[in-house]
Protein chains: 2
Amino acid sequence: MQDKITQVFKAIADPTRREIFHALVIASSALSITQIASQFDMSRQGVTKHIKTLEGAGLVSLDTQGRERFCNANAKPLKEINKWMTFYEQFWDDSLENLGSYLDDKTS
Amino acid sequence: MQDKITQVFKAIADPTRREIFHALVIASSALSITQIASQFDMSRQGVTKHIKTLEGAGLVSLDTQGRERFCNANAKPLKEINKWMTFYEQFWDDSLENLGSYLDDKTS
DNA sequence: TAATTTAGCAACCACAAAGTTGCATATTAA
DNA sequence: TTAATATGCAACTTTGTGGTTGCTAAATTA
């Protein structure tokens, strides 16, 4: 479908998914779909859909045990976003820095 | 509508908007809507919509001069995303670190 | 074996989003 | 003043998204 970083961006762009992801990260052990759904005001299938999106982005891994599927958070894909942002860090303290460095280059 | 960080996340979650944003960041001066549109295989109105989304997220500021509207990139809102991610940095080198630190707490 | 629990799949709904075209309007240039 | 340029606004289409309900199937418990 779309490229990897876009999948990660879209996955965390939804507030509900950020909440689910956060719940999984701070959980002391893997949570089943039903366990997650019980923490949110949403149907189990709604949670399943979000989990699928998170899984597609690599932010959640599934582990089937019997009839249950346990979800684990995996923060690694966030590294890609961090990497994407490093380029823009140089600009975020001064919105005119791009022009500034451009002029610097011309005068040096 | 939605909270600020969600707006920023959604704004940069779209590949086309990331491209537009990047073009504005590296531009040596502000670009008009038409100038931006000429760089993309998209109608001017399509670009206008994206610019509005970026503006809503604070990633672009507009400066009207005569009949033209010049766009400037502003990377500052990305700081919020960076801040959001700092919490998860501790987990992204080992997906089991959450469990690990949990166990550490219990045994110390 | 029968009942319960966990979950997937499919269909559906409402709305948002990405993009288009057409038209009106204001500014600038000829 | 007429023509050209830059833009906004509105309407529309298509596709994606967040969420639901209903049903089926597999695994567990009684």
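Proteins get letters first, then strands, A, B, ... in listed order; numbering begins at 1 in each.
- A:Met42 has its CE atom 17 Å from the C1' atom of C:dA7, to the nearest Å.
- Here the P atom of nucleotide D:dG8 and the CG atom of B:Leu62 are 7 Å apart, to the nearest Å.
- A donor and an acceptor atom sit less than 3.5 Å apart, one in the side chain of B:Arg44 and one in the base of D:dG8.
- When rounded to the nearest whole Å, the span between CD of B:Gln65 and C1' of D:dA6 equals 13 Å.
- Map B:Phe70 and A:Arg67 each onto its nearest nucleotide of DNA chain D; the residue landing nearer the 5' end is B:Phe70.
- Contact annotation: side chain of B:Arg69 to base of D:dT7, donor-acceptor pair absent below 3.5 Å.
- With distances taken from any side-chain atom of A:Glu68 to the nucleotides C:dT6, D:dT17, C:dG19, the minimum falls on C:dT6.
- Across all strands shown, B:Gly66 has heavy atoms under 4.0 Å from sugar-phosphate atoms exclusively, and none from any base.
- Rounded to whole angstrom, the span from the CG atom of B:Asp41 across to the C1' atom of C:dA18 amounts to 14 Å.
- Remark: C1' of D:dG22 and CD of A:Gln45 are 9 Å apart, rounded to the nearest angstrom.
- Note on A:Lys79 versus B:Asp93: salt bridge recorded, some NZ/NE/NH1/NH2 to OD/OE distance being below 4.0 Å.
- As rounded to whole Å, 17 Å separates atom C1' of C:dA17 from atom CD1 of B:Ile12.
- When distances are taken from the side chain of A:Ile33 to each of C:dA17, D:dT17, C:dG8, the shortest belongs to C:dG8.
- Atom pair A:Leu31:CG and C:dT6:P shows a separation of 14 Å (rounding to whole Å applied).
- Atom CG of A:Asp41 has 12 or fewer neighbouring heavy atoms from other residues, nucleotides or ligands inside a 6.0 Å radius.
- B:Arg44 and B:Ser38 are not linked by any side-chain donor-acceptor pair at a separation below 3.5 angstrom, with hydrogens and angles left out of the test.
- Taking 4.0 angstrom as the limit, B:Lys49 places none of its side-chain polar atoms (N or O) nearer than this to OP1 or OP2 of D:dA10.
- Distances shorter than 4.0 Å separate none of the side-chain N or O atoms of A:Thr64 from OP1 or OP2 on C:dT6.
- The side chain of A:Arg17 places an N or O atom within less than 4.0 Å of a non-bridging phosphate oxygen (OP1 or OP2) of D:dG18.
- Distances shorter than 4.0 Å separate some side-chain N or O of B:Lys52 from OP1 or OP2 on D:dC9.
- OP1 or OP2 of D:dG19 sits under 4.0 Å from a side-chain N or O of A:His50.
- Between the P atom of C:dA18 and the CZ atom of B:Arg18 lies a distance of 12 Å, rounded to the nearest Å.
- Within 4.0 Å of B:Thr53, counting heavy atoms only, lies no atom of the nucleic acid at all.
- Residue B:Ser43 has a polar side-chain atom (N or O) positioned under 4.0 Å from OP1 or OP2 of C:dT20.
- Using bins of under 30°, 30° to 60° and over 60° for the plane-to-plane angle, the ring pair A:Trp84/A:Phe9 lands in the perpendicular bin.
- Judged by distance alone, the side chains of A:Thr6 and B:Arg18 do bring a donor and an acceptor atom under 3.5 Å apart.
- At D:dA6, none of the side-chain N or O atoms of B:Ser32 fall inside 4.0 Å of OP1 or OP2 (strictly under the cut-off).
- If you look at A:His50 and A:Phe21, their ring centroids are not closer than 6.0 Å.
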